[in-house]
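All values derive from a computational prediction rather than experimental measurement.
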Amino acid sequence: MPELPEVETVRCALKIGLDGAHVTAVGGKSVMMRRPLDLQLLTARLTGAGFVAARRRGKSLLLDFDTPGSLMIHLGMSGRMMLCDAAESALDHTHLVLDLSDGRELRFVDPRRFGLAVWLEPGEETIDPSLRSLGIEPLDSALEELLPPLLHARRSPVKSLLLDQRLVAGVGNIYAAEALWRAGIRPTRKGSQTSLQRLRRLAIITREVIEEAVAQGGTTIRDYATPSGDFGYFAVRLQVYGKEGQPCPRCSIRLKDTRIAGRTTVWCPGCQR
DNA sequence: CCAGTATCCTGCAGGC
DNA sequence: TGCCTGCAGGATACTG
């Protein structure tokens, strides 16, 4: 479900929604997610903790409390954060529940369990495997300087490179397809056979797409929603994602779909070279 | 080290 | 109606 813009939207909502909140109790089921969900540890660290800040790195959320360490959450494909009244009945696959002092609950729901909810002790943030190797943030102004040489040094399709979190942190299947279409670059083109000039343009366009999507509150395809249940409105701006078979908005050639690195990729054979 | 594939899991749409 | 297949916003363990 969630790429950078969706996670950023959730972060902003939690920052406001959790302001002044205290955790009174921790609940859920110790299920197997991408890593085991350790409710014992989470309960020990979070009970009584007051919310302080919500941060984001790539597609990971980091929630800080007035206790050392942080709660790291990754939404995977189907993960969702919900901020709701405790009386509201819980959805299926609600794995973690933080009871709040004001009668609300923060719930982490993830049917497919590709997500993650992990307590990071102080210092673990820099060594955790899913954080330590993340590449540059697309919103960082150094992107157009740092990314092109990295892509140019690789022989994989540019599409795979954009999805590689070790190179750029936060781009997923939707925004990779959109950025490549806007940049006029064929997704199967190899990094090494794309000029630095074009890669620089791709980097700039990638940031633009991500910025626009953040401004629209992300993209709702089927079930993405903010913690209060709102949808993202970037879907109306998608030009190629999910539109295979339709005419290209730029050149009217029929959009094709190909599988690259195991992911469906929609692109235009007419104007993406 | 690099590149490509298989895999984890549930839900849903589409074909028959 | 039901059963089957394949695909879905992601990351990583494994192969060659």
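- In this structure, A:Gly262 reaches neither bases nor backbone, as no heavy-atom distance under 4.0 Å exists between it and the strands shown.
- Side-chain polar atoms of A:Tyr175 and A:Thr219 form a donor-acceptor pair below 3.5 angstrom.
- A:Arg222 contributes a side-chain N or O that forms a donor-acceptor pair with the base of C:dG9 under 3.5 Å.
- Rounded to an integer number of Å, the gap from CG of A:Asp257 to C1' of C:dC7 is 11 Å.
- Within 4.0 Å (heavy atoms only), A:Tyr241 reaches sugar-phosphate atoms of the nucleic acid but no base atom.
- Computed from coordinates, the A:Arg155 CZ to C:dG16 P distance equals 21 Å when rounded to whole Å.
- Closest to the A:Asn173 side chain, of the nucleotides B:dA3, B:dC8, C:dG9, is C:dG9.
- Look at A:Arg259 and you'll find a side-chain N or O under 4.0 angstrom from OP1 or OP2 of C:dA8.
- In this structure, A:Phe114 does not count as stacked on the base of B:dC9 under the 5.5 Å centre distance and 30° plane angle limits.
- Candidate nucleotides C:dT12, B:dT10, C:dG9 were compared by shortest atom distance to the side chain of A:His93, and B:dT10 ranks first.
- Contact annotation for A:Pro157: backbone-only contact, meaning every heavy-atom pair under 4.0 Å involves sugar-phosphate atoms and none involves a base.
- For B:dC9, the base has no donor-acceptor partner in the side chain of A:Arg113 [N/O atoms by modelled type, under 3.5 angstrom].
- Judged purely by atom type and a 3.5 angstrom limit, A:Thr258 has no side-chain atom pairing as donor or acceptor with the backbone of A:Lys256.
- Put simply, CZ on A:Arg35 is 8 Å from P on C:dT12, counting in whole angstrom units.
- If you check every strand for non-hydrogen atoms under 4.0 Å, A:Thr264 touches sugar and phosphate atoms only.
- Residue A:Glu145 qualifies as open at atom CD: its count of foreign heavy atoms under 6.0 Å is 12 or below.
- C:dG9 is unpaired under the criterion used here, namely a Watson-Crick or G-U wobble arrangement in which both key atom distances are under 3.5 Å.
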Stepwise side-chain contact (heavy atoms from CB on, under 4.5 Å) check, A:His74 with A:Lys59: CA-CA 7 Å; A:His74 192 293; A:Lys59 299 173 191 171; 3.6 Å; yes
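- Among the protein residues, A:Ser60 comes within range of no part of the nucleic acid, since none of its heavy atoms lies under 4.0 Å from any strand.
- The shortest distance between side-chain heavy atoms of A:Glu137 and A:Arg56 falls below 4.5 Å.
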Trace of the side-chain contact (heavy atoms from CB on, under 4.5 Å) decision for A:Leu131 with A:Leu62: CA-CA 11 Å; A:Leu131 291 178; A:Leu62 293 156; 4.2 Å; yes
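- If you measure from atom NZ of A:Lys190 to atom C1' of B:dC2, you get 12 Å, rounded to the nearest angstrom.
- Here the nucleotide nearest the side chain of A:Arg154, chosen from B:dA3, B:dT10, C:dG10, is B:dA3.
- When each of A:Leu163 and A:Arg112 is assigned the nucleotide of DNA chain C with its nearest heavy atom, A:Arg112 is the one assigned upstream, toward the 5' end.
- In this model, the phosphate group of C:dA11 is approached by a side-chain N or O of A:Lys59 to a distance below 4.0 Å at OP1 or OP2.
- A close approach under 4.0 Å does not occur between any side-chain nitrogen or oxygen of A:Gln165 and OP1 or OP2 of C:dG10.
- Counting only heavy atoms from C-beta on, A:Pro111 has its side chain closest to B:dG11 among C:dG10, B:dG11, B:dC2.
- Note: CE (A:Met77) to P (C:dA11) measures 9 Å, nearest angstrom.
- Annotation: C:dT12 and B:dG11 have their P atoms spaced 24 Å apart (nearest Å).
- Comparing B:dC2, C:dA8, C:dT12 by their nearest atom to the side chain of A:Arg34 picks out C:dT12.
- Per the geometry, CZ belonging to A:Arg263 stands 14 Å off C1' belonging to B:dC8, to the nearest Å.
- For B:dA3, the OP1/OP2 oxygens have a side-chain nitrogen or oxygen of A:Ser156 closer than 4.0 Å.
- In this structure, A:Ile260 places its CD1 atom 14 Å from C1' of B:dA3, rounding to the nearest Å.
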Trace of the side-chain contact (heavy atoms from CB on, under 4.5 Å) decision for A:Arg132 with A:Thr126: CA-CA 5 Å; A:Arg132 71 168 177 228; A:Thr126 51; over 6 Å; no
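- Between the C1' atoms of B:dA3 and C:dG9, the separation comes to 24 Å (whole Å).
- Between A:Leu75 atom CG and B:dC9 atom P the separation is 19 Å, expressed in whole Å.
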